Amino acid sequence: MEILFSINGKISSPEEALISASDRGFLYGDGVFETFHAYGRVIFRLPEHLRRLQRGASQLFFKPAPDLKRLVGWLRAAVATANFPEASVRLTLSRGCGPRGPSLKGPFVHTIVIMVTRHERPPQKRFEKGVRAIIGTVRRQEAGALSNLKTLNYLEQVLARREAEEAGADEALLLNNAGLLCEGSASNISLIRNGGLLIPDPVRSGALPGTAQLTAVEAARRLKFPVLYTVLSPWDAFGADEAFLSGSMREISPLVQIGVRTIASGRPGPLTQRILAEYRRIVERECKPFKF
Ligand SMILES: Cc1ncc(COP(=O)(O)O)c(C=O)c1O
């Protein structure tokens with residue numbers, strides 16, 4: 001079995017994994033989610049992901065707040081049962097079922113779905129050659145109620161990803177309404193200039209604060225590279241010395257082209273490669289006995 005579910009803590013096969021048609025996650029996209037990377041049986045950066053989930057649930061007025069201790073137990077049980085060498089672990093928290101309509105006057109019974117999927121590591125070539133992105137037409141609303149949250153409303157990302165696929169690119173970059181650099185459809189972008197890391201500030205850009213980007217920042221600081229969260233334009237990306245995309249599942253992907261513009265030499269840069277190597281050292285240290 002390549003996929004395993006846990007519905008409200010009950011391990012289920014794909015055929016048994018059913019939720020109600022009146023679930024508000026389905027009706028209104030009313031919920032939040034996280035995608036964790038499990039290396040062996042260890043979920044990488046679990047507390048950081050749970051903190052983001054908790055912040056999202058709180059901003060969306062989820063009551064009661066998610067019981068994190070119980071969630072961790074369910075996550076660990078699902079990952080151990082699946083027993084994949086590497087897995088993508090998606091946790092969906094929906095407001096669940098309750099009275100009809102968009103009102104938040106409950107009571108609601110939250111639905112928690114965990115989906116563990118075997119992860120095939122992308123070919124090494126992708127890390128060695130780098131990836132291409134386009135700048136999509138979909139804009140992120142930096143001042144929107146849902147910016148910075150990982151909600152079940154994922155249609156902007158779906159539309160952006162379609163544009164990347166149509167263009168034969170790996171990822172679509174989204175600008176925000178001010179035309180500033182924000183993030184990828186399911187990744188964050190970081191630039192390198194003059195030996196330092198430049199990152200679109202999530203608060204000002206509307207980007208999701210990425211857990212993998214946070215690990216990349218930690219890696220960069222260990223390597224003594226300066227890090228600056230700032231406001232960046234697409235032109236900063238075109239003129240960067242190096243750039244990379246980050247995400248829990250993709251880790252660090254060197255970005256070598258945006259649309260028709262090649263970034264620097266068009267090959268993964270040396271600092272990006274050092275950050276990737278340090279990222280993997282952090283994974284190996286925190287996810288023992290996993291080895292790349
Ligand atoms: C819109 C968006 N931005 C950034 C990311 C990267 O987040 P993380 O590094 O926590 O996986 C994701 C992850 O799927 C995402 O959906």
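Position 1 is the first residue of the sequence, and the numbers go up from there. When a ligand or atom number is given, it counts from 1 through the structure's own listing order. Please read these numbers as outputs of a predicted model, since none were measured by experiment. We use all heavy atoms of the structure for the numbers below, so side chains are in, but hydrogens, waters and symmetry mates are not.
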What about Phe292 and Phe290, are their ring centers closer than 6.0 Å?
-> yes

Give a yes/no verdict on whether any heavy atom in Lys150 is under 4.0 Å from an atom of ligand 1.
-> yes

Numbered in order shown, the ligand 1 atoms found under 4.0 Å of a heavy atom of Leu208 are 2 (C), 3 (N), 4 (C), 5 (C), 12 (C), 15 (C)

Consider only side-chain N and O atoms of Thr272 and Arg274, and report whether a donor and an acceptor are under 3.5 Å apart.
-> no

Lys150 bridged to Glu34 by N-O distance under 4.0 Å | no

A student checking ligand 1 against Gly247 at a 4.0 Å heavy-atom cut-off should list atoms 9 (O), 11 (O)

Please check if any side-chain donor atom of Ser190 sits under 3.5 Å from a side-chain acceptor atom of Gln213, or the reverse.
-> yes

For ligand 1, is there an atom lying under 4.0 Å from some heavy atom of Ser185?
-> yes

Identify, for atom 9 (O) of ligand 1, the protein heavy atom at the shortest distance, and state residue, atom and that distance.
-> Ala212 N, 2.9 Å

Around atom 12 (C) of ligand 1, find the nearest protein heavy atom and jot down its residue, atom name and distance.
-> Ala186 C, 3.6 Å

Measuring from the heavy atoms of Asn188, does anything fall under 4.0 Å of ligand 1?
-> yes

Short list, please: which atoms of ligand 1 are under 4.0 Å from a heavy atom of Tyr154?
-> 14 (O), 15 (C), 16 (O)

Can you list the ligand 1 atoms lying under 4.0 Å from a non-hydrogen atom of Ser248?
-> 8 (P), 9 (O), 10 (O), 11 (O)

Touching ligand 1 at all, Arg52? Heavy atoms, strictly under 4.0 Å?
-> yes

If you take all heavy atoms of Leu174 and Gly184, which pair is closest and at what distance?
-> CD1-C, 3.6 Å

Phe238 atom CZ: more than 12 heavy-atom contacts under 6.0 Å = yes

Quick look: Ser187 vs ligand 1, heavy-atom contacts under 4.0 Å, and the answer is backbone

Check whether NZ of the Lys or CZ of the Arg Arg95 lies under 6.0 Å from the centre of the six-membered ring of Phe62 and within 45 degrees of that ring's axis.
-> yes

Give the numbers and elements of all ligand 1 atoms closer than 4.0 Å to a heavy atom of Gln157.
-> 1 (C)

Between the side chains of Thr211 and Glu48, is a donor N or O closer than 3.5 angstrom to an acceptor N or O?
-> no

Please find out if less than 6.0 Å separates the ring center of His37 from that of Phe44.
-> no

Provide, to 0.1 Å, the distance between atom 2 (C) of ligand 1 and the closest protein heavy atom, together with that atom's residue and name.
-> Glu183 OE1, 3.5 Å

